[in-house]
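Being a predicted model, the structure only gives us computed values, none of them experimental. In the text below, chain A, chain B and the rest are named by the order of the sequence lines, each starting its count at 1.
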Amino acid sequence: MMSWPKAMLKYLLYQKPKSIPSVYQSGIEDKLEEAAPQPSGSGGKEPGRKPEAKEHGKPTDGTGGKKPRKRVARQRNKTGSPVREKFVGKVAENQSIDEILQNKVKLVYDLEENRRVLAKIFRVPQNKDAVLRSLTIGTDPPVKALLVFIDGITNSQVQNLAVLQPLMLISGLFDRSMDEQPGANGGTAFYKDLFDRVKEALVPANQVSTADNYARIVDDVLNGNSALLIDGFNQAILLETKGWQYRSVGTPQVEAVIRGPQEGFTEQIRVNTSLIRKIIHLPSLVTEFIKVGGASPMQCAVMYLDDLANPDLVHEVKRRLESIQADYTQVTGLMEQLIEDAPFALVPQVLATERPDRVAANLLEGHVAIVVDGSPFVMVVPATFFSLMQSPEDAYVRWPFGSFARLIRYAGLFLALLLPAHYVAIVAYHQEFIPTDLLLAMTGSREKVPFPSIVEVLIMELSFELIREAGVRIPGTVGTTLGIVGALILGQAAVAANIVSPILIIVVAVTALGSFSIPNYTFSLSIRVLRFIYIFLASVLGLLGIMVGFFVHVGLMVSLKSFGVPFIAPAAPVTRKNQDYFMRGAEWQQEIRPDYLDPLKRRRQPRISRGWTGPAGRKGDSGPQ
Amino acid sequence: MTQYKPVVGVSEAVTLLFIFLSSKVFLTHVVFLYHEGLNAAWMIPIIQTSTGLLGLLLLVSVLNKFPGRDLVEIGEELTGPYINLLFALYYLAVFVFGAGMTLRGISEQVVAGFLPDTPISLVVFTFVLGTVVVSYLGVEAVARTARFLLGVMVVTAMALVLLTIPLWQFDAFYPLWGGGLWKLLAGALKNTGDFVQILLLGIIYPFLPVNQVRQIGVRGVIVAGFFLFLYVLAPLLIFTYPSATELTLPSFEMARIINIGRFGQRMEVVFLPVWVFGNMIFLSISLYAGAAVLARLCRLSDYRPFVLSVAVFTTVVAFVPRNALQAAYWNHQYLSQYSFIILAAILVILLLTARAKGKGGDKNEQGG
């Protein structure tokens, strides 16, 4: 019964705060610095120094301030020594594994030694994903073997039926049926040796290859294959057993069209390449695989038409991909940033699309596609301003409507970029431009608004950006709430509160519609950001500010290049163009490929592509009824 | 940025040249032609275009003797560093003085017409900042920017003229020869300097397509002549002589009186792009060309260190005149009147020296 006063005292009286115990505490450099003596010299503790400085927790090196400490910390960070020193054993082990992989150390004949090394590389037994399955091949005499794979990314059905079962159960039967005189090292007259026999006859997997070093085995195993090591052989058989879960082919989420294929890419690279190949039935369509990245190499497919794409362009794409050394590049958005020409430019310099038909159309023009494993977007390079403003729909409807859609889209781009800025400029500086009746209406509506035009525009634009960003992040179940909140902020409530004028609601709404009409998401993002720069320029210098800003903007755009192609081509510089860059021409007029790509074949279709309009065609028409 | 040799295509080069030659029509310049040609001043640009073409052919004949080299390098080889220094300083003066007067003119126009409460220093600074960025990016960027904006500019410039058609008074043509043929000829020959900017071709010659320089020059001069003609003629037809001589900014006045119904009045803001972009391209070219001349003089391969210094120099020159009218008057007095004769003299000297020294190949240019 006396415990409750004690419990109360616990809260009333001072108690030394207890830190939550954790083995790991971040900031090891700082802790070491506090604990360890300062290095000698300018940063070191002088022997004759008075202790009061230490009592106050101030630096005792006499140099004062944080500068020396920062310098020391920086020096340590460079070497990374405190952490590495603490875990020196683990670091050494990791280094030895890295050396095995980097130096492509060869397999040995002893299976146990191979198992030991592979277990070390895959961190077995801690790592439960990696499986090192021992088995005995049922030949006469039986041979020990080891199957290495990663659980979860392999197809166990294939493994059981096409690898383990034949090796363990059927290999003996096969052995007896084959004949005859046993050859050297378990081989027969038919096969060089047992290894050859296993590879050729005992594993009915569809793709089999061999490896003689650990690095190759690790690489394949991490990609879902299985490695079979046999005792007495310094080679491994790599078996195609990939089988992980992936999203099936669905409809495109971002680039929807009404008349056109409804297939979108998935996260599976092989599915994506097949979706493209399904459209282009040409033997010249080449798919080259490149490992990209340093710490976690990523499978990347470079696709191009060998008889069409400029070899220099293909070489440049491969050169850039092969040179990348980065930890995580599994998304096109990340890889894009590592291969683009001008990383500081706001506009995207690659065309990311989730539509196989769009990639196919671009490949047939002479572009190069980069498919990244794990990303449902495929990059097409080079990209130009005009390609970013195109939608596949333009080609799938009759050309007048395609051209009209493009005009609307360019108008949308103009409005999204410059309409709010023009509103600010005209309201603040160029009222004379507004016809009197409209001016009176605008002035009347702005009468109760206490803010200058720039403030009300910024309030509304930022609110809109907030709603848009929240709309992307919001969970689906509460998504409808956002619409209500958004309508309240951007609607009558803002006007009723005299925060903004009604005409600004129209301006912001039209701006939003304009930005949604931009078909490329990344390009749309850049327009969102640039809009604020133009608003600022308009608030400072009116239309002059907008025009000077636009002049500089154009200057920077025309200086940009995407894989050697000017970003504004074929408008600036002017190159020979077909009927599909600004407006969409008729399909039978699409005779030449873009000149700026310098394709190996320039002509896309003959001058008379509708053969039936010629004399021969007419003749044909009069043929069988 | 410019690790490789820039390339300026035919279309971009023609655009660059004609804008460089004709952007002056948007400032006070054309008013001086009314004083010379009276109501027949519209004939002066036609005669000027002819003299401009002659000068151009002279320039191209010098340049084609030394493929891949610009006028400063050619001058150095033919006349040596000391005489060529004088020539190069003349080129520099043409670019910097022209840019300075234009900068002052367009800034004053913007302040007077659109931003009456804004200090002119801020407007000048804005123009300089914008043009420095683009000229720093190089001749390719300037040329491509000009080409990209060409559509907007041509449409706006033509609209400005076409929308005034209801106001044209064709009686203004008469008497057809104005003050007489000789007065017209004298007036035109006195103002041949309006085409001194063909000098630009001499500076950007190494970046132009081989064998097409003459074609570029001829096209550029003819298009520029057309716009000069149009913008001298239109104010004459609208305001008639002598009222047209009292205008300060004829193109601005044209924009002000456009009336397309109740909703379409006070349209001058609509035509702001043509004034701003036209003159900014002129300024960017001038800054680049000035920096390129200095770089050649100092035998540097990169022009960029000089862009800012030429910009500062231009700004200083822009503020020397007391007001916009004095800037326009100086521009007319020192650049439009006699500068072309000096350029022609330099070109003749270079040509004769080349002949005398037996230097330079005889390049037979196709086309044009």
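Here the OG atom belonging to Ser23(B) is positioned 14.5 Å from the CZ atom belonging to Phe277(B), to the nearest 0.5 angstrom. Note: Ser286(B) OG to Ile281(B) CD1 = 11.5 Å, rounded to the nearest 0.5 Å. With rounding to the nearest 0.5 angstrom, the CH2 atom of Trp399(A) is 8.5 Å from the CE atom of Met583(A).
Neither the backbone nor the side chain of Leu150(B) comes within contact range of chain A; no heavy atoms are under 4.5 Å apart. With a threshold of 4.5 angstrom between heavy atoms, Thr118(B) approaches chain A through side-chain atoms but not through N, CA, C or O. Only the side chain of Ser284(B) comes within contact range of chain A, with at least one heavy atom under 4.5 Å from a heavy atom of that chain. Heavy atoms of Leu272(B) lying under 4.5 Å from chain A belong to its backbone as well as its side chain.
Ion pairing of Arg319(A) with Asp312(A) is absent here, as no side-chain N (NZ or NE/NH1/NH2) approaches a carboxylate O to less than 4.0 Å.
Taking Gly542(A), Gly545(A), Ala425(A), Gly555(A) one by one and counting their heavy-atom pairs under 4.5 Å with chain B, the maximum is reached by Gly555(A). Contact tally against chain B (heavy-atom pairs below 4.5 Å) for Ile568(A), Val552(A), Leu541(A): the top residue is Leu541(A). Listed options Leu122(B), Val8(B), Leu115(B) were ranked by heavy-atom pairs under 4.5 angstrom with chain A; first place goes to Leu115(B).
Nearest heavy atom pair, residue Gly130(B) against residue Val548(A), reads CA-CG1, 4.0 Å.
Both tests do not hold together for Arg144(B) against Phe567(A): distance to the six-membered ring centre under 6.0 Å, angle to the ring axis within 45°.
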